[in-house]
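What you see is a predicted model; the values in this text were computed from it and never measured.
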Amino acid sequence: MRLCRLLPLLGLAAWVGSAAAQEAAAQEAAPARDAAGPWELALDGSFRRCGLMLAAETGPVGQALRFPAGCRRALPVVNGIAGWRFEGGLIQLLDREGQPLLAFAAPDGDGIRSAETPGGERYSLAQAGARPAAPETPLVTQAALSTPPGPREAARENWAGAPATAAGVTGLYTLDRFVEKDVCRVMLRAEAAQVQEGCRDPGLALFDPTAWHYEAGRLVLVARRGHSVELIPVGEGRWRRDPEIGTTFVLRRVEP
């Protein structure tokens, strides 16, 4: 008889415990849902950036993570990333074993999340569109142009040909490859990029630049899917990809 009276109480306790566990799980899942969406991963101290999509659905490890193929060269660290999770206030980018490769802590105030690799490289993670836009004021001063280049800048030939402002970059450009010339044309205007009709370069057509920005003498083309290509000046109206990887990539200004 006593056991009969205890059974309803045990059932109630189990239900309360289950409800509490479900509520705790829901509270833990809420920040993860908030974290899902488009983000931008950047290597601190460089112009290298990559668009990441932190998906809400389950992936091979943790939750699914997607990024454009160009990110593998722009930021080699993404080659080891197989998923993500939100745990203990951290956005963790996971390796194929499910271990955190980068763990981005919540910032103080409205700052950007940051993390460091065991090798000492620091990365930042910001929600898409959260980074400040490039300033409109001149980014390359005469003092900067006259400063002797350091080891990393020694290869930036004709650096003095860099436009002083973004307005000096706008115009129509043609893409030159190693042998072929004028294989594709791109119009750069007011931070918008558009591949012109008749493009004969499948690489640039697939890249499909839709935006651009100009920072400290570097021209950055941004693809529709978020990844980017950086170029440095190599003469009046001419820009080459930096670093020089793969097939020659030179933009040359032409008359409309």
Side-chain angles (χ1 to χ4, degrees), residues 27-135 137 139 144 150-153 191 211-223 225-230 232 242-243 245:
Q27 291 176 350
E28 185 177 345
R33 287 195 301 270
D34 294 340
W39 291 76
E40 185 183 66
L41 178 67
L43 174 61
D44 290 1
S46 79
F47 292 88
R48 297 180 177 278
R49 299 179 179 180
C50 173
L52 302 180
M53 175 58 70
L54 306 187
E57 67 267 21
T58 301
V61 293
Q63 292 169 253
L65 182 146
R66 304 183 183 91
F67 51 83
C71 288
R72 296 186 181 278
R73 288 184 297 181
L75 291 176
V77 70
V78 304
N79 289 303
I81 298 174
W84 74 281
R85 67 168 171 249
F86 187 92
E87 185 174 278
L90 302 174
I91 294 179
Q92 300 177 350
L93 303 185
L94 309 175
D95 64 18
R96 293 175 178 80
E97 303 299 322
Q99 299 301 311
L101 191 61
L102 289 168
F104 293 89
D108 295 328
D110 297 327
I112 295 175
R113 290 176 177 264
S114 64
E116 185 172 335
T117 67
E121 288 186 327
R122 291 201 64 83
Y123 290 84
S124 61
L125 187 68
Q127 290 186 307
R131 296 185 192 276
T137 54
L139 293 167
R152 188 173 181 272
E153 298 173 329
E191 297 189 1
W212 64 278
H213 57 270
Y214 182 63
E215 299 179 44
R218 281 180 176 261
L219 170 60
V220 181
L221 296 181
V222 183
R225 296 180 63 185
H227 48 301
S228 62
V229 167
E230 300 173 24
I232 59 173
D242 183 52
I245 52 177

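- Summarising the geometry, atom CG belonging to L43 is positioned 8.5 Å from atom OG belonging to S124; distances are rounded to the nearest 0.5 Å.
- To the nearest 0.5 angstrom, L41 atom CG is 7.0 Å from L102 atom CG.
- Looking at heavy atoms from C-beta onward, I112 lies out of side-chain contact with F104 at the 4.5 angstrom threshold.
- Minimum heavy-atom separation, P68 to G51: CD-O, 3.2 Å.
- The CG atom of L75 sits 10.0 Å away from the CZ atom of F67 when rounded to the nearest 0.5 Å.
- The distance from atom CZ of R85 to atom CG of L65, rounded to the nearest 0.5 Å, is 13.0 Å.
- Minimum interatomic distance between A103 and L90 (heavy atoms only, all atoms of both residues): CB-CD1, 4.1 Å.
- Between I81 and V77 the shortest heavy-atom distance is CG1-O, 3.8 Å.
- Here the side chain of N79 pairs a donor or acceptor atom with the backbone of R72 at under 3.5 angstrom.
- Rounded to the nearest 0.5 Å, atoms OH (Y123) and CG (L101) are 8.5 Å apart.
- When the side chain to side chain contact (heavy atoms under 4.5 Å, CB included) test is applied to A55, the partners found at least two apart in sequence or on another chain are E57, A64, R66.
- For the residue pair A35 and L54, the shortest heavy atom distance occurs at O-CD1, 3.9 Å.
- In terms of heavy atoms, Y214 sits closest to W212 at CB-CZ3, 4.0 Å.
- Two residues are said to be in side-chain contact when any heavy atoms from C-beta on lie closer than 4.5 Å; L93 and L52 meet this criterion.
- The two residues R122 and S114 have their closest heavy-atom pair at NH2-OG, 3.0 Å.
- For the atom pair CZ of R49 and CD of E40, the computed distance is 5.0 Å after rounding to the nearest 0.5 Å.
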